[in-house]
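Here, residue 1 is the first one in the sequence, and each next residue gets the next number.
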Amino acid sequence: MAKSLEENGPRAPAAEGSLSGTRESLAPGPDAAAADELSSLGSDSETNGFAERRIDKFGFIVGSQGAEGALEEVPLEVLRQRESKWLDMLNNWDKWMAKKHKKIRLRCQKGIPPSLRGRAWQYLSGGKVKLQQNPGKFDELDMSPGDPKWLDVIERDLHRQFPFHEMFVSRGGHGQQDLFRVLKAYTLYRPEEGYCQAQAPIAAVLLMHMPAEQAFWCLVQICEKYLPGYYSEKLEAIQLDGEILFSLLQKVSPVAHKHLSQQKIDPLLYMTEWFMCAFSRTLPWSSVLRVWDMFFCEGVKIIFRVGLVLLKQALGSPEKVRGCQGQYETMERLRSLSPKVMQEAFLVQEVVELPVTERQIEREHLIQLRRWQETRGELQCPSPPRLHGAKAILEAEPGPRPSLQPSPSIRLPPDAPLSGSKGKSKASKQVQKEPREPARESGQQGWPPTRSQAKAEAAAGDASPPQDAPAQDPAPQDSAHHRSRESLTSQESEDTYL
């Protein structure tokens with residue numbers, strides 16, 4: 001059966017729109033009726049009648065649950081400057097990652113330009129390297145029939161993923177087809193994991209920014225490098241991270257920690273969907289994209305920081321706690337967070353300033369893992385160690401990347417000799433001729449030479465190499481090497497997906 005977000009943990013009344021659980025419990029949610037009405041539009045060509053409906057800049061129908069009101073627009077001139085800077089970084093990615101990673105992190109915190117977000121996510125996550133290392137792998141998985149036990153569950157979940165977004169509004173449209181392909185391919189790529197419902201919104205967000213093949217490899221990186229073990233059968237990794245989050249909360253907001261402890265509310269009741277869906281079903285869309293920009297660059301600590309900021313803002317003062325006297329009131333407070341708290345500028349600033357580091361998370365991970373082993377024994381589904389962000393992933397999987405040396409500004413054809421070699425050959429001829437000139441001058445009075453002198457010169461000429469033989473020209477190899485390097489650079493620069 002499909003892995004549930006509430007499986008193997010304490011249960012609570014499901015939040016509206018939350019992921020349900022087993023295959024049998026996948027009943028249509030409250031948005032299903034409205035989604036079905038939109039799905040009745042049929043094919044994508046029919047949804048072009050959608051021009052009557054207004055779409056916001058993120059692709060959501062204006063007035064729907066996912067759409068946003070007035071947003072803080074970045075001035076066009078600033079946006080163009082950011083695009084130019086990001087294009088320079090993406091076209092020289094290895095150099096920037098090696099020498100200016102802090103600058104990349106700062107620019108991710110400011111927000112990736114929308115036109116380059118998909119390409120940047122591929123570079124940051126290492127998904128592009130995975131694609132280069134596995135050419136044709138996605139097509140092979142896409143053509144395979146798939147496991148029937150997962151296909152039915154995936155099909156049931158398709159219409160629940162952002163039903164008010166223009167890509168997924170049409171039942172059987174191109175968005176739902178690509179989502180099915182990506183999720184099915186992952187069940188074949190990792191048959192031991194199969195499919196988890198929380199993977200569907202992750203894949204859907206990726207598909208909004210890139211084609212299916214690139215989205216698949218980014219999904220692989222999220223599941224294997226950023227959040228390993230989150231989507232395994234027993235959900236042990238998410239349970240461990242729930243304990244880590246609760247322990248970090250004691251340092252960040254003692255008031256919120258004390259209240260949740262008194263109410264005996266398990267972290268799994270409020271953080272499971274947050275973490276497994278990377279807040280894609282919790283925050284306003286502009287905030288989701290900003291969080292994902294930082295998440296791809298810095299890793300899971302961004303997810304922890306966002307969770308801690310939300311808990312602190314919801315329950316971090318005696319006045320806020322006073323209105324939550326029981327479990328139900330507390331859970332309702334966490335389900336209906338204040339729009340101000342989730343607003344893009346406020347949330348990002350709080351997340352950037354929160355002093356929670358990778359070292360703290362890993363230290364808490366070791367503590368919670370030891371407690372788990374003492375109380376429950378060894379993990380049944382141990383996961384590989386997670387990598388904290390783009391730099392750690394690049395160091396672990398460098399992949400085949402273009403040379404960092406600059407490509408030549410002048411390229412010569414293969415048969416063209418280099419000017420340096422001509423000068424060298426002329427110089428060598430001059431050096432070879434110089435010893436003979438004094439001999440002629442010294443014997444100028446006895447010129448022409450006698451027969452014995454001519455024989456001696458002929459013998460010396462036979463012993464020496466011919467002077468007019470052309471020197472070996474290394475130009476073809478150098479030129480071909482430069483051309484191959486140049487072709488890699490041009491191919492890299494043409495890879496923008498707008």
Side-chain angles (χ1 to χ4, degrees), residues 3 5 19 108 112 117-131 133-134 137-138 141 154 157 161-162 178-179 181-190 192-233 235-238 240-241 271-283 288-307 358 361 381 383-394 396-397 399:
K3 293 181 281 296
L5 298 187
L19 299 183
C108 287
I112 301 173
R117 180 168 274 126
R119 185 181 174 196
W121 285 359
Q122 294 176 53
Y123 278 71
L124 289 165
S125 67
K128 183 169 180 60
V129 174
K130 274 286 190 182
L131 191 152
Q133 293 173 341
N134 299 274
K137 181 66 175 177
F138 176 75
L141 298 172
I154 293 173
D157 281 350
Q161 311 310 321
F162 307 105
D178 284 348
L179 182 58
R181 294 169 59 206
V182 170
L183 296 175
K184 184 199 78 170
Y186 189 83
T187 63
L188 294 170
Y189 185 74
R190 287 287 178 260
E192 67 278 6
E193 287 190 14
Y195 167 68
C196 177
Q197 286 180 317
Q199 290 172 316
I202 296 289
V205 175
L206 295 172
L207 284 170
M208 294 178 194
H209 296 86
M210 61 191 77
E213 185 175 19
Q214 285 81 350
F216 168 75
W217 290 114
C218 284
L219 177 66
V220 168
Q221 291 298 91
I222 290 174
C223 296
E224 295 186 353
K225 301 297 188 298
Y226 288 87
L227 307 173
Y230 268 36
Y231 310 103
S232 61
E233 185 177 1
L235 304 180
E236 293 171 324
I238 194 69
L240 276 174
D241 278 359
M271 59 78 64
T272 304
E273 184 175 286
W274 290 357
F275 277 51
M276 293 186 74
C277 300
F279 294 97
S280 61
R281 297 177 59 139
T282 305
L283 300 173
V288 170
L289 297 179
R290 294 289 300 278
V291 167
W292 278 48
D293 290 346
M294 296 185 291
F295 167 64
F296 275 119
C297 182
E298 302 182 56
V300 76
K301 74 177 180 184
I302 297 298
I303 304 297
F304 277 98
R305 287 183 181 181
V306 174
E358 301 156 7
I361 293 173
C381 300
S383 56
R386 60 182 152 209
L387 301 179
H388 290 272
K391 190 171 182 63
I393 291 174
L394 180 64
E397 296 181 344

Hey, are the side chains of [X] and [Y] touching, using non-hydrogen atoms and a 4.5 Å cut-off?
{"X": "Val220", "Y": "Lys137", "result": "no"}
{"X": "Met276", "Y": "Cys196", "result": "yes"}
{"X": "Val306", "Y": "Phe295", "result": "no"}
{"X": "Ile238", "Y": "Tyr230", "result": "yes"}
{"X": "Tyr226", "Y": "Ile303", "result": "no"}
{"X": "Cys108", "Y": "Leu124", "result": "yes"}
{"X": "Ile154", "Y": "Thr187", "result": "yes"}

Could you tell me how the ring of Phe296 sits relative to the ring of Trp121: parallel (under 30°), tilted (30 to 60°) or perpendicular (over 60°)? tilted

Parallel under 30°, tilted from 30 to 60°, perpendicular over 60°: which one fits the rings of Phe304 and Phe275? perpendicular

Minimum heavy-atom separation for [X] to [Y], with atom names?
{"X": "Leu207", "Y": "Ala215", "result": "CD2-CB, 3.8 Å"}
{"X": "Ala237", "Y": "Pro228", "result": "CB-O, 3.6 Å"}
{"X": "Met271", "Y": "Asp241", "result": "CE-C, 4.0 Å"}
{"X": "Gln199", "Y": "Leu219", "result": "O-CD1, 4.4 Å"}
{"X": "Ala198", "Y": "Tyr231", "result": "CB-CE2, 3.7 Å"}
{"X": "Gly126", "Y": "Ile393", "result": "CA-CG2, 4.3 Å"}

Euclidean distance, [Y] [atom2] relative to [X] [atom1], rounded to 0.5 Å:
{"X": "Glu233", "Y": "Glu192", "atom1": "CD", "atom2": "CD", "result": "11.0 Å"}
{"X": "Leu183", "Y": "Asp178", "atom1": "CG", "atom2": "CG", "result": "10.5 Å"}
{"X": "Lys130", "Y": "Phe138", "atom1": "NZ", "atom2": "CZ", "result": "15.5 Å"}
{"X": "Lys128", "Y": "Met210", "atom1": "NZ", "atom2": "CE", "result": "11.5 Å"}
{"X": "Glu193", "Y": "Cys223", "atom1": "CD", "atom2": "SG", "result": "6.5 Å"}
{"X": "Gln122", "Y": "Leu131", "atom1": "CD", "atom2": "CG", "result": "7.5 Å"}

Residues in ring-ring contact (aromatic ring centres under 6.0 Å, His included) contact with Phe162, at least two apart in sequence or another chain: Trp285

Go through Tyr189 and Phe216 one step at a time and tell me if the ring-ring contact (aromatic ring centres under 6.0 Å, His included) criterion holds. CA-CA 10 Å; Tyr189 185 74; Phe216 168 75; 5.6 Å; yes

Per the salt bridge (charged side-chain N to carboxylate O under 4.0 Å, His left out) rule, what does the pair list look like for residues 204-215, sequence neighbours excluded? none

For residues 215-232, which residue pairs qualify under salt bridge (charged side-chain N to carboxylate O under 4.0 Å, His left out), counting only residues two or more places apart or in two chains? Arg190-Glu224, Lys225-Glu397

Between the main-chain N or O of Ile112 and the side-chain N or O of Arg117, is there a donor-acceptor pair closer than 3.5 Å? yes

